[in-house]
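From a predicted model like this one, the values you see are computed outputs, not experimental measurements. Chain letters run A, B, ... following the sequence lines, proteins first and then strands; every chain starts at 1.
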Amino acid sequence: MVHFTAEEKAAITSLWGKVNVEEAGGEALGRLLVVYPWTQRFFDNFGNLSSTSAIMGNPKVKAHGKKVLTSFGDAIKNMDNLKGAFAKLSELHCDKLHVDPENFRLLGNVLVCVLAHHFGHEFNPQVQAAFQKVVAGVANALAHKYH
Amino acid sequence: MSLTKAEKAIILSMWGKISTQADAIGTQALERLFASYPQTKTYFPHFDLRPGSAHLRTHGAKVAAALGDAVRSIDNIAGALSKLSEMHAYVLRVDPVNFKLLSHCLLVTVASHFPADFTADAHTAWDKFLSIVSCVLTEKYR
């Protein structure tokens with residue numbers, strides 16, 4: 001189980017408070033689909049994903065990105081019990097969505113890149129390290145109920 | 001996997017800016033690597049890895065210089081990094097999983113330093129470029 005120090009929790013909560021979840025969500029999901037095009041396999045019904053600008057401007061991508069990142073925000077409120085917090089979502093991703101958990105790791109790292117891009121030097125090595133723990137914890141929690 | 005013409009152009013153009021701070025970028029990428037993935041420190045028991053250390057700065061500069069070599073020979077990265085590839089295979093023997101970790105930290109460092117340039121297309125180009133470099137460095141492992 002992931003354990004967060006008080007400093008890590010403070011760094012994470014403080015930065016997250018400044019994140020525009022709608023914008024960052026769209027950016028993160030969009031970049032996932034651009035940088036790792038095979039991830040588009042889960043989004044056949046999203047319409048036009050034929051170019052970078054189509055993907056980044058796609059309203060379904062933005063809406064879904066917002067949904068995903070809002071859920072991620074819930075993780076930040078439950079850092080001490082990520083497995084519990086994501087149990088239902090884990091079952092959903094396995095049984096209904098059939099998503100390979102590797103995709104959670106990819107999205108987590110894309111999110112880290114988006115945060116670095118947005119926050120620049122404020123996203124220093126220590127803040128990054130804390131966020132890497134969160135994204136790894138979320139990825140593991142989402143994979144936990146797979147069978 | 002190979003770079004498109006457009007991706008090569010992005011890398012070359014961004015390298016022009018990156019090269020003016022190449023040492024700092026290389027050093028910060030290593031700092032991020034050791035902070036986020038402490039197990040990578042096991043390859044450097046002989047180094048002082050505290051942020052700002054001379055060891056870190058020297059090694060960061062070496063990493064950046066190698067990337068510069070790869071950029072300048074972007075059509076023949078395997079040729080440019082051949083000696084380095086042998087060194088990693090026979091001497092250093094860094095487990096291949098770690099190249100992904102350092103690549104990610106290089107990406108994060110570039111993203112945080114060059115916000116205007118780190119578009120989704122640039123993100124793709126750099127991710128691919130670093131993947132190719134990683135492949136070259138591990139291709140002689142066995």
Query raised in the report: Distance from S112(B) atom OG to E122(A) atom CD, nearest 0.5 Å?
Result: 11.5 Å

Check [X] against [Y] and note the closest heavy-atom contact, atom names and distance.
| X | Y | value |
| --- | --- | --- |
| H117(A) | P115(B) | NE2-O, 2.5 Å |
| A120(B) | V35(A) | O-CG2, 4.2 Å |
| P125(A) | A35(B) | O-CB, 3.8 Å |

Find out if a path of hydrophobic residues (ILVMFWY) with successive side-chain heavy-atom gaps under 4.5 Å connects [X] to [Y].
| X | Y | answer |
| --- | --- | --- |
| Y37(B) | I12(A) | no |
| W126(B) | L32(A) | no |
| L107(B) | L111(A) | no |
| I132(B) | V97(B) | no |

Heavy-atom count around [X] [atom1] within 6.0 Å, excluding the residue itself: above 12?
| X | atom1 | value |
| --- | --- | --- |
| K83(A) | NZ | yes |
| K100(B) | NZ | no |
| K67(A) | NZ | no |

Query raised in the report: Do H104(B) and Q132(A) pass the side-chain contact (heavy atoms from CB on, under 4.5 Å) test, and can you show the C-alpha distance, the side-chain angles, and the key distance before you say yes or no?
Result: CA-CA 11 Å; H104(B) 172 63; Q132(A) 297 290 171; 2.7 Å; yes

Query - Region of F34(B) that comes under 4.5 Å of a non-hydrogen atom in chain A - result: neither

Query - Side chain / backbone / both / neither for Q128(A) at chain B, heavy atoms under 4.5 Å - result: both

Report summary line: Cut-off 4.5 Å, heavy atoms of chain B, and the answer for F131(A) is neither

Report task. Go through T52(A), I55(A), N109(A), V34(A) and name the one with the most non-hydrogen pairs under 4.5 angstrom from chain B. Result -> N109(A)

